[in-house]
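Just so you know, these numbers use all the heavy atoms, side chains as well, and skip hydrogens, waters and symmetry mates. Residue numbers start from 1 in every chain, and the chains themselves are labelled A, B, ... in the order their sequence lines are given, proteins ahead of strands.
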2 protein chains.
Amino acid sequence: MELTTAEENYLKAIYHLSEEGKKSVSTNDIAAAIQTKPASVSDMLRKLGEKEVIQYRKYYGLQITELGKRLALQTIRKHRLWEVFLVDKLHFSWDEVHEVAEQLEHIQSTLLIERLDAYLNYPKFDPHGDPIPDEYGDVRSRPRIALNEMNIDQGGQIVAVKDSSAAFLRYLDKVGAYIGARIKVLDKVEFDGSVEILVDQKKTLFMSKDVASNILVLQS
Amino acid sequence: MELTTAEENYLKAIYHLSEEGKKSVSTNDIAAAIQTKPASVSDMLRKLGEKEVIQYRKYYGLQITELGKRLALQTIRKHRLWEVFLVDKLHFSWDEVHEVAEQLEHIQSTLLIERLDAYLNYPKFDPHGDPIPDEYGDVRSRPRIALNEMNIDQGGQIVAVKDSSAAFLRYLDKVGAYIGARIKVLDKVEFDGSVEILVDQKKTLFMSKDVASNILVLQS
DNA sequence: TTTTTTTTTTAGATAACTCTAATTTTATTT
DNA sequence: AAATAAAATTAGAGTTATCTAAAAAAAAAA
Ligand SMILES: [Mn+2]
Ligand SMILES: [Mn+2]
Ligand SMILES: [Mn+2]
Ligand SMILES: [Mn+2]
């Protein structure tokens with residue numbers, strides 16, 4: 001069963017939205033996620049339903065099937081492996097990789113992805129800290145907490161970002177926050193939820209709640 | 001001016017056929033080259049004419065324009081760089097790369113191809129000995145002669161193959177002919193054009209005229 | 001429980017690419 | 001030069017993916 005590039009993009013979006021815990025994935029959500037119109041989404045949902053990668057009853061909602069999950073995870077695996085390649089080997093910065101990976105993820109060749117994985121030394125996480133599924137779709141995810149939900153004096157290590165937009169990533173670069181950084185919460189402002197943290201035991205950083213909520217920490 | 005994947009494939013085929021020296025490129029030739037029907041070719045020629053990458057007058061013939069050449073060479077450059085990547089870094093064999101490169105050549109990102117070129121150390125030839133155009137489309141080609149046209153006692157180095165089909169390449173692997181091999185013509189059979197050569201001063205090899213005509217040699 | 005709003009789907013078009021079958025043009029024979 | 005064959009193009013249809021506008025269904029508000 002092979003999917004077209006468009007189908008892969010839709011299915012990936014559906015998978016991501018499904019994982020976000022929301023009760024159900026709406027047509028409008030999907031349209032927003034892949035920058036298309038709800039009418040186009042309705043049409044594609046029908047097709048994805050026929051291919052049995054989702055279970056779809058119109059007006060009612062949809063549910064991704066096991067088959068759908070497996071296929072989505074394969075695309076996600078490819079996307080993230082390519083991101084690692086671009087950063088580790090071609091020296092892209094982590095805010096430059098997304099667009100290109102969005103294209104590369106659709107290249108069809110199991111041999112290619114096997115070899116790429118080996119070449120990169122079987123990485124477990126992509127440049128944004130997201131876990132790379134193995135060839136069977138198994139994901140080894142780490143327990144993570146949003147930085148704004150940590151308490152004062154708690155410490156940990158930045159392991160991922162929720163928002164992978166270029167703007168956000170460049171902001172993090174600028175202030176010196178990066179994946180792997182060891183941090184400690186120095187202060188939290190009740191009023192607006194902003195936090196003050198200590199990075200690598202030497203630099204203090206203020207950040208808004210909005211920023212902090214997009215940084216994921218492995219607590220220690 | 002950007003081309004679709006299909007347009008890039010057509011234009012590349014047209015460029016290759018134009019380079020083969022034949023007086024003009026026929027609709028049927030193109031159809032055969034990219035495994036499609038003449039009717040589809042006619043339609044695409046009209047579109048490529050409108051985009052001014054070829055000059056096209058129906059029933060008369062076509063000529064690739066300077067713009068068309070430049071764009072075709074860009075695609076060829078990408079194709080061959082990816083082939084080098086697959087062989088040098090991912091350890092594909094030279095008969096496994098074509099299909100995948102056929103997909104990868106359409107990835108759109110100038111940064112990607114610049115970085116890939118640098119990463120591969122600015123290779124000048126692909127795994128089949130074909131020259132890699134630089135970013136301006138300049139090709140540094142070597143003077144080459146088909147092995148079956150060499151005379152007895154002449155020597156040289158295999159630098160390329162004309163036929164890049166998996167079957168032919170695997171045959172060359174089997175008999176021990178490879179790009180870079182130093183050869184010398186020991187004997188030629190008038191009757192059927194077959195040749196006997198000495199490879200790397202140790203191994204003698206018989207090959208039919210058909211095989212020899214697909215091996216290109218830099219004479220020494 | 002109506003009414004209104006929002007969400008979702010359908011209808012109808014368009015664009016890109018492909019095909020088969022029919023037609024037109026050009027080339028080759030007789 | 002006329003007949004025939006070959007090559008190329010057009011006509012018409014199908015697929016995939018997208019859109020706008022209209023209709024239908026569900027959810028929210030009055
Ligand atoms: Mn994509
Ligand atoms: Mn990522
Ligand atoms: Mn191609
Ligand atoms: Mn090649």
Side-chain angles (χ1 to χ4, degrees), chain A residues 1-14 17-18 20 22-64 68 71-72 75 102-103 105-108, chain B residues 1-14 17-18 20 22-64 68 71-72 75 102-103 105-108:
Chain A
M1 232 277 293
E2 57 265 345
L3 302 178
T4 66
T5 291
E7 287 169 342
E8 284 184 348
N9 284 333
Y10 273 94
L11 190 58
K12 195 157 61 91
I14 290 167
L17 289 167
S18 299
E20 274 173 23
K22 305 177 64 176
K23 46 250 145 197
S24 77
V25 179
S26 79
T27 300
N28 277 342
D29 287 348
I30 298 168
I34 62 183
Q35 319 230 72
T36 184
K37 299 289 184 246
S40 307
V41 176
S42 282
D43 214 50
M44 184 58 92
L45 292 182
R46 190 183 43 70
K47 283 192 282 190
L48 294 177
E50 280 166 13
K51 292 208 170 185
E52 302 191 316
V53 294
I54 63 172
Q55 215 187 319
Y56 173 60
R57 279 176 6 263
K58 60 186 186 182
Y59 290 114
Y60 203 84
L62 68 90
Q63 181 146 29
I64 192 163
L71 294 176
T75 306
E102 202 57 47
Q103 296 179 62
E105 70 189 358
H106 304 292
I107 302 290
Q108 302 210 313
Chain B
M1 231 277 293
E2 58 266 343
L3 302 178
T4 66
T5 291
E7 287 169 342
E8 284 183 348
N9 284 335
Y10 274 93
L11 189 57
K12 196 155 61 87
I14 290 168
L17 290 167
S18 299
E20 274 174 23
K22 305 178 63 175
K23 45 250 146 193
S24 76
V25 180
S26 78
T27 300
N28 277 342
D29 287 347
I30 299 168
I34 63 184
Q35 319 230 73
T36 184
K37 298 292 180 235
S40 307
V41 176
S42 282
D43 213 51
M44 183 58 93
L45 292 182
R46 191 185 41 71
K47 284 192 281 189
L48 293 178
E50 280 166 14
K51 292 209 170 183
E52 301 190 318
V53 293
I54 63 172
Q55 216 188 318
Y56 173 60
R57 281 178 3 267
K58 58 187 187 183
Y59 291 112
Y60 262 90
L62 67 90
Q63 180 147 29
I64 191 163
L71 294 176
T75 307
E102 203 56 48
Q103 296 179 61
E105 70 188 359
H106 304 292
I107 301 291
Q108 303 213 313

Query raised in the report: Can a salt bridge be assigned to the pair A:Glu8 and A:Lys12 using a cut-off of 4.0 Å between side-chain N and carboxylate O?
Result: no

Output a table of nitrogen or oxygen pairs between the protein and nucleotides 17-24 of chain C separated by less than 3.5 Å.
{"from": "C:dC17", "atom 1": "OP1", "to": "B:Thr4", "atom 2": "OG1", "distance (Å)": "2.4"}
{"from": "C:dC17", "atom 1": "OP2", "to": "B:Lys47", "atom 2": "NZ", "distance (Å)": "2.9"}
{"from": "C:dT18", "atom 1": "OP2", "to": "B:Tyr10", "atom 2": "OH", "distance (Å)": "3.3"}
{"from": "C:dC19", "atom 1": "OP2", "to": "B:Thr36", "atom 2": "OG1", "distance (Å)": "2.7"}
{"from": "C:dC19", "atom 1": "OP2", "to": "B:Lys37", "atom 2": "N", "distance (Å)": "3.2"}
{"from": "C:dC19", "atom 1": "OP2", "to": "B:Ser40", "atom 2": "OG", "distance (Å)": "2.7"}
{"from": "C:dT24", "atom 1": "O2", "to": "B:Tyr59", "atom 2": "OH", "distance (Å)": "3.3"}

Starting at atom [atom1] of [X], determine the distance to atom [atom2] of [N], rounded to an integer number of angstrom.
| X | N | atom1 | atom2 | answer |
| --- | --- | --- | --- | --- |
| A:Leu45 | C:dT8 | CG | P | 10 Å |
| B:Leu3 | C:dA15 | CG | P | 19 Å |
| B:Lys58 | D:dA11 | NZ | P | 8 Å |
| B:Glu8 | C:dA16 | CD | C1' | 15 Å |
| B:Asp29 | D:dA8 | CG | P | 8 Å |
| B:Leu62 | D:dA7 | CG | C1' | 14 Å |
| B:Tyr60 | D:dA7 | OH | P | 19 Å |
| B:Asn28 | D:dA5 | CG | C1' | 13 Å |

Tell me, do [X] and [Y] make a side-chain contact under 4.5 Å, heavy atoms counted?
| X | Y | value |
| --- | --- | --- |
| A:Glu7 | A:Leu71 | no |
| A:Leu45 | A:Ile30 | yes |
| A:Leu48 | A:Ile14 | yes |
| A:Ser42 | A:Thr27 | yes |

Query raised in the report: How far does the helix from C:dT1-D:dA30 to C:dT30-D:dA1 bend, going by the axes of its first and last five pairs, to the nearest 10°?
Result: 10°

Query raised in the report: Can you name the closest pair of heavy atoms from A:Gly68 and A:Leu11 and give their distance?
Result: O-CD2, 3.5 Å

Query - OP1 or OP2 of D:dT10 under 4.0 Å from side-chain N/O of B:Ser42 - result: no

Requested in this report: Say whether, by atom type as modelled, one donor and one acceptor occur between the side chain of A:Ser40 and the main chain of A:Thr36 under 3.5 angstrom.
Outcome: no

Query raised in the report: Judged by atom type as modelled, is there a donor-acceptor pair below 3.5 Å linking the side chain of B:Gln63 to the main-chain atoms of B:Tyr56?
Result: no

Requested in this report: Would you mind telling me which of B:Thr5, B:Leu3, B:Ile34 makes a side-chain contact (heavy atoms from CB on, under 4.5 Å) with B:Tyr10?
Outcome: B:Ile34

